[in-house]
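The structure displayed is predicted, hence computed values, not measured ones.
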Amino acid sequence: MVSGMGFMRDVEIVWDDLLDAFENVDPETVYFLDRETGEIFSVPIDYEDDDFWEEIEMNEERYLQIPDFDYDQERQLLHEFIKGMTNPALKNILERSFMGKRPFGRLDEILSFYPEEKERLVALKDELTATRIRNWLEINDIFLSDETT
């Protein structure tokens with residue numbers, strides 16, 4: 001257990017970069033965090049550089065792949081959001097929209113007419129993403145050097 005302890009150092013990670021990586025919905029792009037520098041970088045999933053992939057593989061303690069966007073969690077969040085609405089007409093519209101395959105785009109359009117509801121959804125989403133990020137950092141023994149969250 002002690003062997004991995006050397007990696008438990010404070011690194012400066014730009015929270016917004018981490019947020020962008022966790023919110024990445026492009027299946028063709030993969031994000032990594034360099035534990036030593038705190039840098040977040042992305043590459044195309046079919047990046048044709050064997051040396052690069054070999055480096056990543058040989059240093060998996062250093063280069064952590066950032067998890068893909070979690071559609072199931074997003075659907076759960078939207079479900080909770082809609083359940084908490086007080087406007088019955090809007091709630092009805094959103095419930096029908098929610099049945100679609102990728103509800104978020106249409107939801108954004110609909111909510112553009114309801115700024116306070118849109119704000120509530122954005123706050124919920126940010127909180128969910130921040131929680132996912134904090135859990136992931138904790139699992140990987142990474143501690144942010146300054147509380148940017």
Side-chain angles (χ1 to χ4, degrees), residues 1-45 47 53 56-57 59-149:
M1 190 70 199
V2 180
S3 64
M5 298 299 258
F7 274 101
M8 290 177 59
R9 68 173 69 119
D10 280 352
V11 288
E12 202 158 306
I13 298 171
V14 178
W15 181 259
D16 288 345
D17 291 352
L18 203 49
L19 212 52
D20 289 347
F22 265 81
E23 290 180 339
N24 167 46
V25 291
D26 179 3
E28 302 299 311
T29 304
V30 62
Y31 281 81
F32 292 95
L33 165 66
D34 181 337
R35 292 175 84 115
E36 285 184 19
T37 64
E39 181 195 358
I40 290 162
F41 60 94
S42 65
V43 293
I45 204 141
Y47 188 50
W53 292 112
I56 293 284
E57 220 167 281
N59 297 287
E60 58 186 38
E61 274 290 298
R62 176 176 176 178
Y63 299 112
L64 290 175
Q65 185 172 340
I66 292 174
D68 293 334
F69 185 78
D70 191 334
Y71 284 102
D72 291 341
Q73 258 191 323
E74 168 134 318
R75 286 190 78 80
Q76 184 61 40
L77 170 87
L78 293 177
H79 182 69
E80 293 300 313
F81 170 73
I82 293 169
K83 256 181 26 187
M85 294 198 109
T86 49
N87 176 332
L90 179 59
K91 188 173 184 172
N92 192 2
I93 292 169
L94 294 181
E95 279 173 345
R96 279 189 311 215
S97 158
F98 186 70
M99 299 306 153
K101 203 142 173 59
R102 297 193 59 180
F104 204 78
R106 276 176 291 170
L107 198 68
D108 248 8
E109 269 172 48
I110 296 166
L111 289 180
S112 64
F113 299 100
Y114 301 90
E116 55 292 322
E117 289 294 352
K118 188 170 181 154
E119 234 169 75
R120 188 168 71 89
L121 178 62
V122 168
L124 274 173
K125 257 187 93 153
D126 287 352
E127 194 174 314
L128 175 77
T129 304
T131 302
R132 271 189 76 210
I133 292 172
R134 277 196 283 273
N135 291 343
W136 182 77
L137 290 171
E138 200 174 296
I139 288 166
N140 290 290
D141 292 326
I142 299 170
F143 304 99
L144 295 179
S145 41
D146 56 346
E147 274 305 308
T148 49
T149 58

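Residues L64 and I142 are in side-chain contact: their nearest non-hydrogen atoms beyond the backbone lie under 4.5 Å apart. I56 is not listed as a side-chain neighbour of Q65, based on a closest heavy-atom distance of 4.5 Å or more. Between V43 and W53 the shortest side-chain heavy-atom distance falls below 4.5 Å. Counting only heavy atoms from C-beta outward, the side chains of Y47 and V30 never approach each other to under 4.5 Å. Residues I93 and R96 are in side-chain contact: their nearest non-hydrogen atoms beyond the backbone lie under 4.5 Å apart. Between Y71 and V25 there is a side-chain heavy-atom pair separated by less than 4.5 Å. By the 4.5 Å heavy-atom criterion applied to side chains, W15 and I133 are counted as neighbours. Two residues are said to be in side-chain contact when any heavy atoms from C-beta on lie closer than 4.5 Å; E74 and F69 meet this criterion.
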Between Y31 and D17, does a side chain to side chain contact (heavy atoms under 4.5 Å, CB included) hold up when you go through it step by step?
CA-CA 10 Å; Y31 281 81; D17 291 352; over 6 Å; no
Show your reasoning for whether side chain to side chain contact (heavy atoms under 4.5 Å, CB included) applies to N140 and L33.
CA-CA 11 Å; N140 290 290; L33 165 66; over 6 Å; no
T37/R62 under side chain to side chain contact (heavy atoms under 4.5 Å, CB included): CA gap, chis, key distance, verdict
CA-CA 9 Å; T37 64; R62 176 176 176 178; 4.0 Å; yes
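Distance check: I110 CD1 to K118 NZ gives 11.0 Å after rounding to the nearest 0.5 Å. For the atom pair D70 CG and R132 CZ, the distance stands at 5.0 Å (nearest 0.5 Å). Between the CD1 atom of I66 and the CG atom of N24 there is a distance of 9.5 Å, given to the nearest 0.5 Å. Put simply, CD1 on I40 and CG on L19 are 9.5 Å apart, with the number rounded to the nearest 0.5 Å. Within the model, atoms CZ of F32 and CD of E39 stand 12.0 Å from one another, a figure rounded to the nearest 0.5 Å. In this structure, the separation between NE2 on H79 and CD on E95 is 8.5 Å, given to the nearest 0.5 Å.
Minimum heavy-atom separation, K91 to I82: CE-O, 3.4 Å. When all heavy atoms are compared, the tightest approach of S112 to P115 is O-CD, 4.4 Å.
Each of L128, T131, L78 was evaluated against Q73; a single residue qualifies, L128, per the side chain to side chain contact (heavy atoms under 4.5 Å, CB included) test. When the options L121, L111, N87 are evaluated for a side chain to side chain contact (heavy atoms under 4.5 Å, CB included) with L94, the one that passes is L111.
Under a cut-off of 6.0 angstrom, the local environment of CD in E127 is sparse, with at most 12 non-hydrogen atoms contributed by other residues, nucleotides or ligands. For E116, the CD atom counts as densely surrounded, since its 6.0 Å shell holds more than 12 non-hydrogen atoms of other residues, nucleotides or ligands.
Using modelled atom types, no side-chain atom of T129 and backbone atom of D126 make a donor-acceptor pair closer than 3.5 Å.
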